Amino acid sequence: MHDTEAQNKRKESLPMSVDMYESRFKQELSNLDRFYPNDTRDPRAWKANFPAWRALFTALSLHGHSTGYRLFSFEKFFNLCQKAYTEDHPKKDRYKEYFEDDLRDGMRQRVGAWYESGMAETYLYACLVEALEDRAKVGMVLYDPRVDWKLKSDLVVHMNGHTMRVNAYFGPSESRPQIERQREKNEREQKRNTAESAHWNNEAFKEMSSFEIQVTADEKQVVNGFRLFSIEAMNRLLKQLYSHAGITRERQVFMEVARK
């Protein structure tokens, strides 16, 4: 994508945490304290079935949007999670132990995984909005907690009469089916008395085609320690969405930089 001078000025004036250009998102991410991913997992800290973290992440994103258009630090997110689960939740005693003593380090790693995943997904959202809504003007992109909870998707794209699900994740695709089966099992247990609120048997959901994008050891871009989806992966996804929706003109993609 080539920006005009006017568009560059617009980017400088709109550093929004939930509505910004791809280049500006990475600039704002670089303004945070460096993030250090920790893929070591303490199984004791990962066994608890916590309430969905996405709402807390989104809340901080929207707060940053309304208070100076900023992204937020890991410490701010960790502190919010701790307060939400150990002070505000009606069953707070169930979660307190995970933020104390020798379980705390493992819990910081788990929250760190949520945090990095949230930033990567928000980056994906910013990219798709820029390409499909702002540039090509051929589609709409939805990204909010309910899309994750009710439609089992990270984002939903509507374009040329087609509604498509996008699943974004870290790691190889081979491990994804097992993760999704476990999530399905957990949800069926949780919704035994409220099955009507689930996505099961929803005809519109069944008709939505699903597309994937992932961060792997071999394909990623690292910005200030955060592992994000690569531009190459982003462009592949965009081309898949365009093709499925029958878009043959105004196909906007991102400029790829040749690797050394």
Side-chain angles (χ1 to χ4, degrees), residues 1 3 7 10-12 14-37 39 53-65 68-74 76-77 111-136 139-145 147-148 153-157 164-171 173 211-241 252-257 259:
M1 295 185 179
D3 297 321
Q7 288 168 335
R10 181 186 172 205
K11 286 197 297 185
E12 290 301 315
L14 291 176
M16 301 181 185
S17 60
V18 290
D19 186 13
M20 69 174 83
Y21 284 152
E22 184 267 348
S23 60
R24 187 68 192 202
F25 185 94
K26 290 194 288 191
Q27 179 180 333
E28 291 298 310
L29 206 60
S30 297
N31 290 337
L32 299 173
D33 292 338
R34 183 171 181 81
F35 181 70
Y36 295 93
D39 293 329
W53 59 269
R54 183 72 60 82
L56 299 178
F57 188 93
T58 300
L60 281 180
S61 296
L62 295 174
H63 182 268
H65 177 93
Y69 309 123
R70 300 165 295 166
L71 295 178
F72 52 92
S73 68
F74 168 68
K76 181 171 288 188
F77 182 56
V111 175
W114 297 343
Y115 177 66
E116 185 181 26
S117 176
M119 287 298 181
E121 290 171 10
T122 307
Y123 171 71
L124 170 62
Y125 166 72
C127 290
L128 293 182
V129 167
E130 179 177 349
L132 302 178
E133 294 186 11
D134 296 346
R135 302 291 191 180
M140 296 178 292
V141 186
L142 304 178
Y143 175 61
D144 64 62
V147 169
D148 179 53
S153 310
D154 293 302
L155 302 99
V156 167
V157 175
M164 299 160 280
R165 302 164 54 210
V166 176
N167 291 314
Y169 54 92
F170 281 60
S173 57
F211 299 86
E212 296 183 348
I213 184 171
Q214 61 209 87
V215 173
T216 68
D218 295 328
E219 189 169 50
K220 64 179 181 293
Q221 57 176 317
V222 179
V223 177
N224 200 22
F226 293 89
R227 295 168 292 189
L228 305 178
F229 302 101
S230 71
I231 294 297
E232 293 83 359
M234 193 75 62
N235 286 341
R236 282 200 304 272
L237 173 63
L238 281 167
K239 291 173 183 178
Q240 290 171 352
L241 296 173
Q252 294 290 327
V253 296
F254 293 90
M255 184 178 296
E256 298 180 9
V257 178
R259 297 182 182 180

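From a predicted model like this one, the values you see are computed outputs, not experimental measurements.
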State the [atom1]-[atom2] distance between [X] and [Y], to the nearest 0.5 angstrom.
X      : Y      : atom1 : atom2 : result
Leu237 : Met164 : CG    : CE    : 9.5 Å
Leu142 : Asp154 : CG    : CG    : 13.0 Å
Phe229 : Phe170 : CZ    : CZ    : 6.0 Å
Gln27  : Leu71  : CD    : CG    : 10.5 Å
Asn167 : Ile213 : CG    : CD1   : 11.5 Å
Glu121 : Leu228 : CD    : CG    : 11.5 Å

Exercise. Partners of Glu133 by salt bridge (charged side-chain N to carboxylate O under 4.0 Å, His left out), sequence neighbours excluded?
Worked result: none
Problem set entry | Contacts of Asp39 that satisfy salt bridge (charged side-chain N to carboxylate O under 4.0 Å, His left out) - sequence neighbours left out | Arg227
Going by heavy atoms in the side chains, are [X] and [Y] under 4.5 Å from each other?
X      : Y      : result
Phe57  : Met119 : yes
Ser61  : Tyr125 : no
Phe226 : Lys26  : no
Leu238 : Leu128 : yes
Glu130 : Phe254 : yes

For this session: Go through the structure and list residues passing side-chain contact (heavy atoms from CB on, under 4.5 Å) with Lys76, not counting sequence neighbours.
Result: Leu60, Phe72, Ser73
Seminar exercise, completed: Residues passing the side-chain contact (heavy atoms from CB on, under 4.5 Å) test with Ala113, sequence neighbours excluded, are Arg41, Trp46, Gln109
Problem set entry | Neighbour count above 12 (heavy atom, 6.0 Å) for Asn31 CG | yes
Any donor and acceptor pair, going by atom type alone, linking the side chain of [X] with main-chain N or O of [Y] inside 3.5 Å?
X      : Y      : result
Glu212 : Ala168 : no
Lys220 : Ala217 : yes
Asn224 : Leu29  : yes

For this session: Output all residues satisfying side chain to side chain donor-acceptor pair (under 3.5 Å) with Arg165, sequence neighbours left out; order by chain, then residue number.
Result: Ser153
Exercise. What pairs with Tyr115 under side chain to side chain donor-acceptor pair (under 3.5 Å), at least two apart in sequence or on another chain?
Worked result: none
Exercise. Which is it for Leu132 and Gln252 under the side chain to side chain contact (heavy atoms under 4.5 Å, CB included) test, yes or no, and what are the steps along the way?
Worked result: CA-CA 7 Å; Leu132 302 178; Gln252 294 290 327; over 6 Å; no
For this session: Search all heavy atoms of Glu219 against all heavy atoms of Ser230 and return the closest pair with its distance.
Result: CG-OG, 3.2 Å
Problem set entry | Taking every non-hydrogen atom, the tightest pair across Pro145 and Ala55 | CG-CA, 4.0 Å
For this session: Quick one: do Arg236 and Glu232 satisfy salt bridge (Lys or Arg N to Asp or Glu O under 4.0 Å)? Show the steps, please.
Result: CA-CA 6 Å; Arg236 282 200 304 272; Glu232 293 83 359; over 6 Å; no
For this session: Go through Asp144 and Thr58 one step at a time and tell me if the side chain to side chain contact (heavy atoms under 4.5 Å, CB included) criterion holds.
Result: CA-CA 7 Å; Asp144 64 62; Thr58 300; 5.8 Å; no
Problem set entry | Non-neighbouring partners of Phe211 that pass ring pair (Phe, Tyr, Trp, His ring centres under 6.0 Å), sequence neighbours left out | His244
For this session: Kindly write out the residues that satisfy ring pair (Phe, Tyr, Trp, His ring centres under 6.0 Å) with Tyr123, not counting sequence neighbours, or none if the list is empty.
Result: Phe25
